[in-house]
Visitor: 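One structure coming up, written as structure tokens, with questions to follow.
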Amino acid sequence: MNNFLELNKHKFFLGFKILSLSFTLLFVILPMAISIANGNYPTWTLFISVLLLGSVIFPLFLVGMTYLTWLNKIWVKRKALNIQPFDELDRIGFATAYINEKSKWNFTEEIKEIVIDGYRIQFNVIMGFPSNIEFRALVKHPKVERERFMAFVASSKQDRIYLDIDSLIKVYSPKKVDNLTIEQLKAELIQFAQVMRLENFEPLDRK
């Protein structure tokens, strides 16, 4: 998970260019044009200072903060992978995979993934206070009666299964898995796949 910057350097560069152009237009060119139209001509020192601030310093600051935020997520994920039983995911068939590789706007991210009964289930973390561990299954929502669908959504929360866009998520708290073994985790993920099959959620193949 140390290759996040290498995987996303082109996306960071694209983000910097977009921010730089946006800030330059909104906070440099437009205010200067209005000032000149009103007969107020800025000095070259002021113009260059504002230009550097808007087109370089602010965009670099925002890109840097974004990078630090993602470094924190990587640290949280690494910490989660050192907690039993998640430190043994490879034993039950999980392998390294990458998401958002083809997206221009979402960062490419290294995760752990397994396929159970045709469902791609991805290990990741949900950032928050506290952060949680998620197993996200990519699915197409079933075409069933609204009452049945809403009943499933309500009942599944008891098993900490939640609906998201094009996915179902099974959530674990790192503080409540002391007695969970890797065999029990595998059984719960198999049961998770069985529930999706029973409720007519179709597997979705999306990177």
Visitor: Does atom NZ of K186 have more than 12 heavy-atom neighbours from other groups under 6.0 Å away?
Guide: no
Visitor: Under 6.0 Å from the CD atom of E183, do we count more than 12 heavy atoms belonging to anything else shown?
Guide: yes
Visitor: Around atom CZ of F58, are there more than 12 heavy atoms of other residues, nucleotides or ligands at under 6.0 Å?
Guide: no
Visitor: Quick one, W105 and L14 - any side-chain contact, counting heavy atoms below 4.5 Å?
Guide: yes
Visitor: Measure the NZ-CE distance between K140 and M196 for me, rounded to the nearest 0.5 Å.
Guide: 14.5 Å
Visitor: Counting distance only, does the side-chain N/O of K170 pair as donor-acceptor with the main-chain N or O of D159 below 3.5 Å?
Guide: yes
Visitor: For L26 and P31, work out which heavy atoms get closest and say how close.
Guide: O-CD, 3.2 Å
Visitor: Show the nearest heavy-atom pair for residues A193 and Y119, with the distance to one decimal.
Guide: O-CE1, 3.7 Å
Visitor: Do F47 and V28 have side-chain heavy atoms sitting under 4.5 Å apart?
Guide: yes
Visitor: Establish whether L52 and L30 are linked, either directly or via other cluster members, by ILVMFWY side-chain heavy-atom contacts under 4.5 Å.
Guide: no
Visitor: Could you go step by step and tell me if K112 and T96 meet the side-chain contact (heavy atoms from CB on, under 4.5 Å) rule?
Guide: CA-CA 5 Å; K112 295 285 187 178; T96 298; 3.7 Å; yes
Visitor: Which distance, rounded to the nearest 0.5 Å, do you find between the CD1 of I57 and the OG of S20?
Guide: 11.5 Å
Visitor: Does N82 reach the main-chain N or O of R78 with its side chain, forming a donor-acceptor pair under 3.5 Å?
Guide: yes
Visitor: Any link between L62 and F107 through a network of hydrophobic side chains (Ile, Leu, Val, Met, Phe, Trp, Tyr) touching at under 4.5 Å?
Guide: yes
Visitor: How close do F123 and I111 get, counting heavy atoms only, and between which atoms?
Guide: O-CB, 3.5 Å
Visitor: Can you tell me how far CG of D90 sits from CD of E88, rounded to the nearest 0.5 angstrom?
Guide: 10.0 Å
Visitor: Could you go step by step and tell me if F152 and L163 meet the side-chain contact (heavy atoms from CB on, under 4.5 Å) rule?
Guide: CA-CA 10 Å; F152 165 75; L163 191 68; 5.6 Å; no
Visitor: Would you check if N132 and S173 make a side-chain contact, meaning some heavy-atom pair closer than 4.5 Å?
Guide: yes
Visitor: Within the side chain of S156, is there an N or O that forms a donor-acceptor pair under 3.5 Å with the backbone of I161?
Guide: yes
Visitor: For residues Y162 and V139: do they belong to one hydrophobic cluster (side chain heavy atoms under 4.5 Å, members Ile, Leu, Val, Met, Phe, Trp, Tyr)?
Guide: no
Visitor: When hydrophobic residues are tied together by side-chain contacts of less than 4.5 Å, even through go-betweens, does F61 share a cluster with F23?
Guide: yes
Visitor: So F86 and Y172, would you call those rings parallel, tilted or perpendicular, with 30° and 60° as cut-offs?
Guide: perpendicular
Visitor: Would Q194 and D117 count as a side-chain contact (heavy atoms from CB on, under 4.5 Å) here? Give the steps.
Guide: CA-CA 8 Å; Q194 291 172 342; D117 192 21; 5.9 Å; no
Visitor: Which distance, rounded to the nearest 0.5 Å, do you find between the CD1 of I74 and the OG1 of T69?
Guide: 11.0 Å
Visitor: Using only heavy-atom distances, determine whether the side chains of E109 and N124 contain a donor-acceptor pair under 3.5 Å.
Guide: yes
Visitor: Applying salt bridge (Lys or Arg N to Asp or Glu O under 4.0 Å), can you list everything that pairs with K9, at least two apart in sequence or on another chain?
Guide: E6
Visitor: Would you say the side chain of L51 lies within less than 4.5 Å of the side chain of T24, judging by non-hydrogen atoms?
Guide: yes
Visitor: Tell me the closest heavy-atom pair linking V171 and I169, and the distance in Å.
Guide: CG2-CG2, 3.8 Å
Visitor: Of all residues at least two apart in sequence or in a different chain, which pass the salt bridge (Lys or Arg N to Asp or Glu O under 4.0 Å) check with D164?
Guide: R136
Visitor: Mind listing the closest non-hydrogen atom pair of N200 and P142 along with its distance?
Guide: O-CB, 3.2 Å
Visitor: Once rounded to the nearest 0.5 Å, what's the spacing between atom CH2 of W44 and atom OG of S49?
Guide: 12.5 Å
Visitor: Is it the case that atom CD in Q84 sees more than 12 heavy atoms from other parts of the structure closer than 6.0 Å?
Guide: no
Visitor: Spell out, as yes or no, whether a donor-acceptor pair under 3.5 Å connects the side chain of S167 to the backbone of I165.
Guide: yes
Visitor: How long is the gap from CD1 on I114 to CD1 on I190, to the nearest 0.5 Å?
Guide: 8.0 Å
Visitor: Checking side chain to side chain donor-acceptor pair (under 3.5 Å) between T108 and each of E101, H10, K11, which is the one that passes?
Guide: K11
Visitor: Given the rule that I, L, V, M, F, W and Y join up when any side-chain heavy atoms are under 4.5 Å apart, are I34 and Y41 in one cluster?
Guide: no
Visitor: How about CG on N179, more than 12 heavy atoms from neighbouring residues, nucleotides or ligands closer than 6.0 Å, or not?
Guide: no
Visitor: Please step through side-chain contact (heavy atoms from CB on, under 4.5 Å) for the pair L189 and F94, ending with a clear verdict.
Guide: CA-CA 12 Å; L189 293 178; F94 277 85; 3.8 Å; yes
Visitor: Provide the closest heavy-atom pair for L180 versus L185 in the form atom of the first, atom of the second, distance.
Guide: CD1-N, 4.0 Å
Visitor: Taking the six-membered ring for Trp, are Y67 and F12 parallel (under 30°), tilted (30 to 60°) or perpendicular (over 60°)?
Guide: perpendicular
